Amino acid sequence: VQLQASGGGLVQAGGSLRLSCTASGFIFGEKVMAWYRRAPGKQRELVARITGGRTANYADSVKDRFTISRDNAKNTLYLQMNSLKPEDTAVYYCSIFYQPEYWGQGTQVTVSS
């Protein structure tokens with residue numbers, strides 16, 4: 001299993017970023033996929049998850065600002081992040097929701113005030 005996140009960066013508050021995660025080594029379309037984040041000094045937090053059929057759930061802290069999506073043909077998971085806040089600053093990871101032992105290399109998101 002390989003998961004590679006990308007698309008992070010430095011953005012001002014109110015800005016947007018789109019994260020991508022390319023997956024390989026398993027049947028992507030059959031898995032519930034998720035984005036997590038870990039801020040400095042904090043525990044890992046589930047940001048959003050999406051089923052193979054594209055039913056999505058979100059943490060209250062990102063609801064109505066973030067959108068998780070997937071392209072099963074491209075084995076790719078996305079996270080569109082709008083109206084970013086400084087408290088969204090973290091390393092973002094993609095994972096197989098029911099197999100959290102599989103982690104991708106994260107991507108740093110920094111939101112300046």
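Everything numeric here is computed off the predicted structure, so don't read it as measured data. Keep in mind that the numbers below use all heavy atoms, side chains included, and drop hydrogens, waters and symmetry copies.
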Residue pairs, two or more places apart or on separate chains, that pass side chain to side chain donor-acceptor pair (under 3.5 Å) and touch residues 12-32: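 Qualifying pairs, neighbours excluded: Ser16-Asn82, Lys31-Gln99.
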Any Phe66 side-chain heavy atom under 4.5 Å of Leu19 side chain: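 No, too far: nothing below the 4.5 Å cut-off.
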Pairwise side-chain contact, Phe28 with Met33, heavy-atom cut-off 4.5 Å (strictly under):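 With C-beta onward as the side chain, the pair touches.
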Does [X] belong to the same Ile/Leu/Val/Met/Phe/Trp/Tyr cluster as [Y], with side-chain heavy atoms less than 4.5 Å apart forming each link?
X: Ile96; Y: Tyr93; answer: no
X: Tyr98; Y: Tyr36; answer: yes
X: Val47; Y: Tyr58; answer: yes
X: Tyr102; Y: Phe26; answer: yes

Just verifying a value: how many Å separate [X] [atom1] and [Y] [atom2], rounded to the nearest 0.5 Å?
X: Asp71; Y: Tyr78; atom1: CG; atom2: OH; result: 5.0 Å
X: Leu10; Y: Gln108; atom1: CG; atom2: CD; result: 9.5 Å
X: Tyr92; Y: Met81; atom1: OH; atom2: CE; result: 5.5 Å
X: Leu3; Y: Asn75; atom1: CG; atom2: CG; result: 10.5 Å
X: Trp35; Y: Leu46; atom1: CH2; atom2: CG; result: 12.5 Å

Glu87 atom CD: more than 12 heavy-atom contacts under 6.0 Å: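 It does: Glu87 CD has more than 12 such atoms within range.
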Phe97 atom CZ: more than 12 heavy-atom contacts under 6.0 Å: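 Yes.
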Taking every non-hydrogen atom, the tightest pair across Pro86 and Ala13: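 Closest approach of Pro86 to Ala13, heavy atoms only: CD-CB, 4.1 Å.
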Shortest non-hydrogen contact between Asn72 and Arg70, atoms and distance: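 Taking Asn72 first and Arg70 second, the nearest heavy atoms are OD1-NE, 2.7 Å.
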Whether Ser95 side chain and Trp103 backbone form a donor-acceptor pair below 3.5 Å: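 Side chain of Ser95 to backbone of Trp103: no pair is present.
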Arg49 side chain to Ile68 backbone, donor-acceptor under 3.5 Å: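 Looks like no, no N/O pair under 3.5 Å.
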Reference residue Arg37; test side chain to side chain donor-acceptor pair (under 3.5 Å); the match among Asp88, Thr107, Thr89: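 It is Asp88, the one option of Asp88, Thr107, Thr89 that forms the side chain to side chain donor-acceptor pair (under 3.5 Å) with Arg37.
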Evaluation steps, side chain to side chain donor-acceptor pair (under 3.5 Å), between Glu45 and Ser61: CA-CA 10 Å; Glu45 175 188 19; Ser61 58; 3.2 Å; yes
